[in-house]
Amino acid sequence: MKNNLIGENIVVRFAPSPTGLFHVGSARVALYNYIFAKQHKGKLILRIEDTDKERSKKEYEDDILSGMKWLGFSYDELYHQSERGSIYKKYIEKLIAEGKAYISKEIIDLNKERKGGMDQVINLRNEVIRFKNPNKKVKFKDLIRGEIEFDTTDLGDFVIAKSFDEPIFHLVVVIDDFEMGVTHIIRGEDHISNTPRHILIQEAIGAPIPIYAHLPLILAEDRAKLSKRKHGEMTSVKYYERMGYIPEAFSNFLSLVGWNSGTEQEIFSIDELIKLFNISKVQKAGAIFNMEKLLWFNKEYIKKFPKERIITEIKNRFPKEFQDEKIINKISDLVVERINIFSDIDKMVVDGDIQYYFEMPVISKEMIVWKKGGTIEQAKENLSLISDILNKISDKDFDLEKLKEKLMKFADEKGKGNVLWPLRVALSGKEKSPDPFTLLFVLGKNESINRIKKAVESI
Ligand code: GLU
């Protein structure tokens with residue numbers, strides 16, 4: 001994995017603009033930077049790019065910070081561009097003094113800006129600071145895309161600041177990367193077209209050109225760019241936290257949006273990722289964010305959890321009436337089988353898929369009759385006979401194996417459907433529920449017999 005392009009004393013940065021909730025695409029940028037820093041024993045800087053005063057919001061910054069924490073992406077230094085105005089100002093002055101930038105007096109046609117505004121022509125005189133473009137070819141190394149060459153002539157003398165106190169994105173990124181000693185810039189592909197400007201500015205301020213890695217876009221399953229407008233809350237990291245996803249599962253999944261290890265293995269701990277990840281092997285083509293796959297990852301992580309952790313999660317999500325230690329212990333595996341994410345437990349509660357473990361169900365005649373050729377008489381008779389069989393099993397033998405053995409013999413004699421269906425409905429009151437043996441085991445002997453008796457009486 002040693003790559004001569006990578007070198008030593010690595011410094012990377014994650015540089016989000018707090019203009020929206022922490023986006024999953026941003027989280028992948030953060031993850032790859034985090035892994036890259038760790039694998040090269042380098043430094044990760046978190047830089048909040050909040051120079052756009054109108055669009056930057058504290059709540060978004062908080063959301064990014066809390067998302068980083070949830071995902072376990074620690075960083076070594078934290079900066080805010082809004083606090084670095086004096087540094088930028090010095091650079092602007094220097095660039096102007098050296099003739100590399102200039103103040104440009106311009107007339108802004110406000111009518112053009114306010115589309116459909118008044119007819120009257122209102123012009124505003126304005127000053128901006130433009131970079132004096134040397135109009136040349138620039139080259140940069142991209143670990144994912146190879147060497148990229150660009151002719152900057154078309155960029156013209158682009159704006160680098162609206163005033164001495166209002167530098168714009170292109171300038172501040174370059175100054176900060178230089179001041180902070182950033183060696184590698186891992187960021188989204190949407191910035192690739194900004195890079196030539198950045199290189200011109202780097203050359204102008206005497207900064208070395210960092211090595212780039214532009215990550216492929218993240219696409220939704222419809223292959224459209226994953227965007228908040230089109231794909232809603234599933235684009236924000238907060239959503240996954242709120243839905244009870246396991247952060248390790250989420251970042252494992254995210255690590256594979258655009259990269260793979262070249263083997264069949266997909267479940268990786270963060271330490272394994274730090275060993276195996278290779279930025280140069282990230283794909284160029286857009287990478288699909290597949291929700292089904294994410295659910296699969298999450299379930300795989302849940303399955304590996306120790307029982308106590310599952311039980312705690314269940315207890316936290318069950319209402320007061322369902323806080324029965326013994327039953328929760330018995331159903332924890334069943335619950336795990338039926339969920340992908342912990343919030344599915346809430347759904348099970350709401351959908352009535354848990355209730356029957358704790359409350360006597362209400363039985364309807366229609367439901368208890370086996371649909372494919374059963375009668376109410378058969379249901380009644382078989383339930384009474386089952387009750388007799390159960391009575392003869394001792395409390396300590398009342399386990400899945402014994403129950404299956406005794407009842408399957410009976411069911412084979414009487415016809416499976418006519419035995420197992422009414423039994424399951426008598427115990428759960430539901431068309432769909434776990435199999436009757438499981439229900440018997442969870443409910444225990446007394447409660448089971450009691451429910452069967454009640455069912456027989458009520459039909
Ligand atoms: N602040 C930019 C963004 O949020 C990132 C700039 C960069 O990584 O160079 O898209």
Using a strict cut-off of less than 4.0 Å between a Lys/Arg side-chain nitrogen and an Asp/Glu carboxylate oxygen, indicate whether [X] and [Y] qualify as a salt bridge.
X: Asp344; Y: Arg338; value: no
X: Lys43; Y: Asp76; value: no
X: Asp435; Y: Arg424; value: no
X: Asp388; Y: Lys392; value: no

Is the distance between the ring centroids of [Y] and [X] under 6.0 Å?
X: Tyr301; Y: Tyr245; value: no
X: Phe253; Y: Phe289; value: yes
X: His198; Y: His170; value: yes
X: His184; Y: Tyr32; value: no

Tyr75 and Leu65, any side-chain heavy atoms less than 4.5 Å apart: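 Yes, at least one pair of side-chain atoms sits under 4.5 Å.
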
Under the 3.5 angstrom rule, does the side chain of [X] hit a backbone N or O of [Y] as a donor-acceptor pair?
X: His23; Y: Gly25; result: yes
X: Glu272; Y: Ser269; result: yes
X: Lys445; Y: Asn391; result: yes

Would Arg47 and Phe14 count as a cation-pi pair here, with the cationic atom under 6.0 angstrom from the ring centre and within 45° of the axis?
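Judged by the rule (NZ or CZ under 6.0 Å from the ring centre, within 45° of its axis), Arg47 is not positioned above Phe14.
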
